[in-house]
Every structure is written in structure tokens, then in C-alpha cells.
Amino acid sequence: MTDPSGDPPRVLLVDPYMSRSDPMERKFVELYPSLGLLTLGAYLREHGVQVSMVDLTFARDLGPLTRELRSQRPHIVGVHTKTLTYERSVEVAQKARAAGAFTIAGGPDSATRIEAYLDAGFDAVVPAEGEVTLVELAHQIAAGRALGAVPGVIVRQEGKLVRGPHRPFLKDLDALPLPAWDLVDMDRYLGEWERRTGERRAAVLTSRGCPFDCSWCSKPTFGRTFRQQSPARVVEELVALTERYHVNYIRFCDDVFGISRPWIDELIHRMTRADLGLKFECLARVDLLKPDLLHSLRAVGLARVYVGVESGSQKMLDLMNRGTKLHQVERTAQALRDEGIRQFWFLMLGYPGETLEDIEATLQLFRRFSPEEYSVSIAVPIPGTRFHQTVKDRLLGRKRPATRGSGGRSLLFEAAYSQNLYRWQQARFGLDAALGRARDRISPEMAAHVVHVADRFHERVARPLLLRKNSDRAR
Ligand code: B12
Ligand code: SF4
């Protein structure tokens, strides 16, 4: 494992995600390289580490990994983990260890299940921000120095978990280099997007963390910290993407885009001046998206917004500690429609405390604004969240921990109603969405009639039947 020649440390980064085996990927195009790994790669290079990467996104098997292990002989193999890719991460670690490398897991899943990764064969877990920690580990391991309690690192020594002290988060995100896009096949990513949408799309992150505290939200790596890059640094990255890769559509991947108003105003100003001809999309909160802001954002290219509407019941928003008000949802939905910006709503059913009346309120809100896109999922208790804590004694026997990758179609805990009842409600949203899409082809009277018939069927047949089954289940 040590390199007596004194050559620079060699780190191989691995993204174990394979798009072929992700059923969600077949439905929705979501192909972006991991920004975490690209930033780690760039930072390692800046600090004298030789970096290579195996991105399995387009691979059929682990062949590319085997080849890279043979040709690079890395000191360290660092794997980016998500719950969805747990099994493959473990396979990667086994191969890497067999090739003599020290294996490190980082990213959201290993951050919440440290012992599972160590037990499965990883030598260490880096549960939070990785840049500085990985540089330190690379130099120590390549030099053959024994690992003590390195800040930000957890290992198992003689059967015991040894946790290094917490490593402070980076203060200045502007000091990070641009992502090392050359480590992945950007042409392939951009080609896929172009083929499917006609646009060359890339992901950009302007901040780390989120200061809000929604009770079901998992923030394993950055917690409630919030740091952002300067608008000038963001525009530098946009310019690089347009010049080097002819990108013309950006997905801002921040947990919440534009938390600070002066910051976003300056970004708009700089984007206008740079005149890059980009379109973009982002995820934002209804309390922050004021109509005048949406107007300026549209002028500079905002084409689509993901909004966490979650529920049409104020009681539920409060129970979720969402910090938003229904009037803000209504104001934002109306402003988005007025500006001609596509809206994608996230909605959630089954959160503890929700009654059928609350679900009905959500459906009515959905009908009023008829967003172009939506996802209505059955609430997923992600380990480490307050929601998970609340229902942890009522989890329904699944061995695997929950992820959004369940598609939000399965009920993972004993909720107020049965899974079938929630699925039926999901189908009701589906019908409304289908009618919305068919707006140009059927008359408003016909659409209203279909809704009326469906509602009567719901009230007279489906609801009583499903509630009876529900109480049978409770007995
Ligand atoms: C943008 C985003 C996406 C984008 C882009 C994904 C991509 N390829 O990167 C899209 C929309 C495509 C997406 C898809 C999915 N996502 Co997503 N996504 C995010 C989001 C909002 C930001 C990710 C990001 O770029 N972070 C910024 C970078 C800098 O941070 P990072 O990746 O965590 O990396 C840092 C550290 O974790 C650490 N680190 C990471 N890897 C490694 C490896 C080593 C060796 C070391 C030492 C350190 C280290 O160092 C990095 C730099 O400091 C996160 C939430 C979040 N805030 O993290 C969810 C999140 C990662 N996604 C999540 C999920 C569930 C998914 C999907 C499975 C959803 C689905 N299909 O149903 C898919 C998976 C697809 C895939 N390719 O893996 C979950 C993961 C939960 C889990 N335990 O697995 C998260 C945490 C959201 C949540 N709370 O539910 N996602
Ligand atoms: S759901 Fe969004 S706004 Fe709420 S805590 Fe999570 S990232 Fe922040």
C-alpha cells in the first residue's frame, strides 16, 4: 500500500451509480456526473495528488474498474455512496481491497450508516465534507503512516470504532477549484441530454447546506450549515461550461436556490452582463420566490422551478416544520404561471397526522394550479431524520433503509391508512394531471365531467372500500 518511490499519492474516485439498473432513470432523464466527486478530484489535484476516476453511470459491469485498478495501482479508492448504490459500492470496495488499495466511503449513505460500510469491507468512512480530509488521508496513506484519529475520518481498529474529531467545514467556497469535468465523459452526458431534450445540460452548485429544518429532510453531509459561493465565482463556472462544453441549460443543484435576496440580485445582474444565452432550472422555496424576483429570473433564463409544495393543508405544513404558508404557495404558483415558467411540484402523502381531509385539500390545490409536472410520493422516513425518529417503532419490515429511490410508491411505516389507499390517491392526482395535459384536446366541460364522475366514484366506492380494508388491517 505504501509507495517507497516517493511518487505522488494516487487516488481513484468511483461513482458506482449505473443508469441501466435505475428504474427511475428510465422514466426521468436525470444524468449528471457527481459534483461531489468532480470537486474532490479538482481539489486533490491542486494538492499534489494524482487522480483518476471510474464513473460507472454508462457502464454495463465493473470492467472499467478492473482495468483502472490494474493500470493506476491507486493507493486509495474513494467511493461516492448513495443508498441506491449500496451493493455496488461494496463490490467496488472488495475489488479495490483485493488490488491492495485502501478503501474509503464518502457521500450521503455512508454518512448515515457508517458501521454498515465498515462491516462490509471499507477501511474508512468520511461522513461529511471531503476535500481537506481526503487530501490529508492520501498523503498519510501513500507515505505509509499509521492512521490515528484523523479529523473527519472514522475507522475500525481492533473491532472498535475510532472517530477522528469533527473537521470544520470550509469557510470560503470560492477557494474551491472548478469541478474537474475532464475526469468524466462529459460528451457522453451532454450527448444523452441533447438526444433526449435537444439541450446540452450540466449541473452547477452555488451553495452547500440548507438552514431550514423540515422534519423529513435528510441532510447527512452538510447538516444545517449554509455557505455559498460569490455570484462572480458562479458566473465563472457558467462561462467555463458554455465555452468548454457548449452547455446551454443549467440545473442549479442547490438544496434551495437563492436563499439570500441580495446574493441572487447580484447573480441576476452578473448573468445579464455575461449574456451567456443560458436557460436554467432550480429548486426553490415558495416563501423566497417573490413575484418580482421570478420576473427578473425569467428575464435571465429561468425556465423551470422545482417547488416543494408538499401539502395543501396548513396543518400538515406546520407538522412537517416546513416553514411555509399556503398563501405563499398560491402566490408563487400564480406568479410562475403568469411568467410562463414551468413548475414541478413535490407533494407528499401519508405524513403522520394527515387525514383524508388534508389529502383532499392537497388535491384541490393541485387542481387549481394544475402544475406542468409533479411528483406525489408516499412519505419516506429517511434514517437520521426527525420523521424517521417518530415512526421508527412502526417501520414495515424492510431490510434495506429507505431512500427516495423507492419511488415514493411504497408505504414504509404503519401510517394512518393502507398503502392501497395512498396509491389510489396518487392515481387521483394522476387523472387530474392527465386531464391538464389534454387541455387542448378536450373541452373544459368534458374535463369537469370526468373529474365529477371520478370524485363520485371515490366517495361512493373507492374510499369506503379502502377504509373498510384499512380497519380490517387495524384489527
Ligand atoms: C443534485 C442532486 C441530485 C442530482 C444530481 C446527482 C448527481 N449525479 O450528483 C439528481 C437530480 C440527478 C439526483 C438524483 C438522485 N438523487 Co440526489 N441529490 C442531489 C443533491 C440535492 C445535491 C448533491 C450534490 O451535488 N451535493 C454537493 C456535493 C459537493 O456534495 P456531496 O455529493 O455530498 O459530496 C461531498 C461529501 O459528501 C463528500 N463525499 C462525497 N463522496 C465522497 C467520496 C469520498 C471517497 C469521500 C472521501 C468524500 C465524499 O465530499 C464531497 C465534497 O465535500 C443531494 C442533497 C445534498 N445536499 O447532498 C441529493 C441526494 C444526494 N440525492 C438523493 C437521492 C435519493 C437521489 C436519487 C436516488 C433520487 C431517485 N432516483 O429517486 C437519484 C440518484 C441518481 C444518481 N445519479 O446517483 C439523496 C441521497 C440519500 C441517500 N442516502 O442515498 C440526497 C442526499 C437527497 C435526500 N436527502 O434525499 N440528485
Ligand atoms: S426540504 Fe429543502 S428547505 Fe427543507 S430542510 Fe431540506 S433542503 Fe432545506
Side-chain angles (χ1 to χ4, degrees), residues 11-19 22-25 27-41 43-44 55-57 76-86 89 103-113 122 124-135 137-138 152-153 169-170 173 176 179 184 189 203-205 207-224 226 251-256 259 281 283-285 287-288 306 308 310 320-324 346 348 375 377 380 382-385 401-408:
V11 173
L12 172 63
L13 299 172
V14 181
D15 189 342
Y17 174 72
M18 273 187 202
S19 62
D22 180 0
M24 298 289 275
E25 167 49 29
K27 272 201 191 157
F28 313 102
V29 203
E30 288 281 22
L31 292 177
Y32 296 106
S34 156
L35 281 171
L37 289 182
L38 296 189
T39 310
L40 283 171
Y43 192 84
L44 287 165
D55 176 10
L56 292 171
T57 301
I76 290 183
V77 170
V79 185
H80 176 71
T81 65
K82 290 206 178 80
T83 312
L84 190 69
T85 52
Y86 173 72
S89 299
T103 52
I104 308 178
D109 194 40
S110 54
T112 35
R113 299 195 292 145
F122 276 89
V125 172
V126 173
E129 195 161 67
E131 283 84 359
V132 183
T133 306
L134 193 52
V135 166
L137 276 177
V153 182
F169 288 108
L170 292 168
L173 294 189
L176 287 172
V184 293
Y189 278 100
V204 168
L205 195 83
S207 64
R208 287 186 175 183
C210 163
F212 296 98
D213 193 22
C214 307
S215 55
W216 37 261
C217 178
S218 155
K219 296 190 282 189
T221 40
F222 304 128
R224 277 185 78 186
F226 179 66
R251 174 169 184 151
F252 286 110
C253 281
D254 307 59
D255 285 345
V256 181
I259 283 182
E281 63 183 33
L283 196 155
R285 286 174 56 98
D287 46 341
L288 302 173
Y306 292 86
E310 309 306 347
M320 294 168 180
N321 201 32
R322 184 80 184 127
T324 53
F346 289 111
M348 188 188 288
S375 122
S377 54
V380 175
I382 301 177
T385 61
T403 75
R404 270 198 189 165
S406 71

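In this chain, numbering begins with 1 at the start of the sequence shown. Read the numbers this way: they start at 1 and go in the same order the structure lists the ligands and their atoms.
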Asker: Could you check atom 4 (Fe) of ligand 2 against the protein and tell me its nearest heavy-atom contact, residue, atom and distance included?
Answerer: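 Of every protein heavy atom, Cys214 SG, 2.3 Å lies nearest to atom 4 (Fe) of ligand 2.
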Asker: Report yes or no: does a heavy atom of Arg322 sit under 4.0 Å from some atom of ligand 2?
Answerer: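 Yes.
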Asker: Determine, considering heavy atoms only, which of Gly384, Gly152, Gly130 sits nearest to atom 51 (C) of ligand 1.
Answerer: Gly130
Asker: Quick check on Arg208 - does any of its heavy atoms sit under 4.0 Å from an atom of ligand 1?
Answerer: yes
Asker: What is the nearest protein non-hydrogen atom to atom 8 (Fe) of ligand 2, stated with its residue, atom name and distance?
Answerer: Cys210 SG, 2.2 Å
Asker: Who's closest to atom 16 (N) of ligand 1 heavy-atom-wise, of Arg251, Arg113, Lys219, Lys82?
Answerer: Lys82
Asker: In the protein, which heavy atom is nearest to atom 3 (S) of ligand 2, and how far is it?
Answerer: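 The answer is Arg285 NH1, 3.4 Å.
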Asker: Using heavy-atom distances only, which candidate in Tyr17, Tyr32, Phe222, Tyr306 approaches atom 8 (N) of ligand 1 most closely?
Answerer: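 Comparing heavy atoms across Tyr17, Tyr32, Phe222, Tyr306, the nearest one to atom 8 (N) of ligand 1 lies in Tyr32.
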Asker: In ligand 1, which numbered atoms sit nearer than 4.0 Å to a non-hydrogen atom of Gly36?
Answerer: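 Counting atoms of ligand 1 from 1, those under 4.0 Å from Gly36 are 28 (C), 29 (C), 32 (O), 34 (O).
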Asker: So is Thr112 touching ligand 1 or not, going by heavy atoms under 4.0 Å?
Answerer: no
Asker: So, taking the atom named OG in Ser218 and the one named CD1 in Ile382, what distance separates them when rounded to the nearest 0.5 Å?
Answerer: 5.0 Å
Asker: Answer with side chain, backbone, both or neither: which part of Leu205 has a heavy atom less than 4.0 angstrom from an atom of ligand 1?
Answerer: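 Within the 4.0 Å criterion, Leu205 contacts ligand 1 through side-chain atoms alone.
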Asker: Please confirm if an N, O or S atom belonging to Cys217, backbone or side chain, lies less than 2.8 Å from atom 8 (Fe) of ligand 2.
Answerer: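 Here the distance criterion (N, O or S atom, under 2.8 Å) is not met by Cys217, so no.
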Asker: Distance under 6.0 Å and angle within 45° of the ring axis: does Arg285 meet both against Phe212?
Answerer: yes
Asker: Evaluating non-hydrogen atoms only, which member of Leu40, Leu38, Leu134, Thr83 is closest to atom 83 (N) of ligand 1?
Answerer: Thr83
Asker: Heavy atoms only: which of Ala138, Ala203, Pro108, Ser207 is nearest to atom 86 (C) of ligand 1?
Answerer: Pro108
Asker: Under a 4.0 Å heavy-atom limit, does Pro33 contact ligand 1 with its side chain, its backbone, both, or neither?
Answerer: backbone
Asker: Give the contacting part of Ala128 toward ligand 1: side chain, backbone, both or neither, where contact means a heavy-atom distance below 4.0 Å.
Answerer: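 For Ala128, the contact with ligand 1 is made by the backbone alone.
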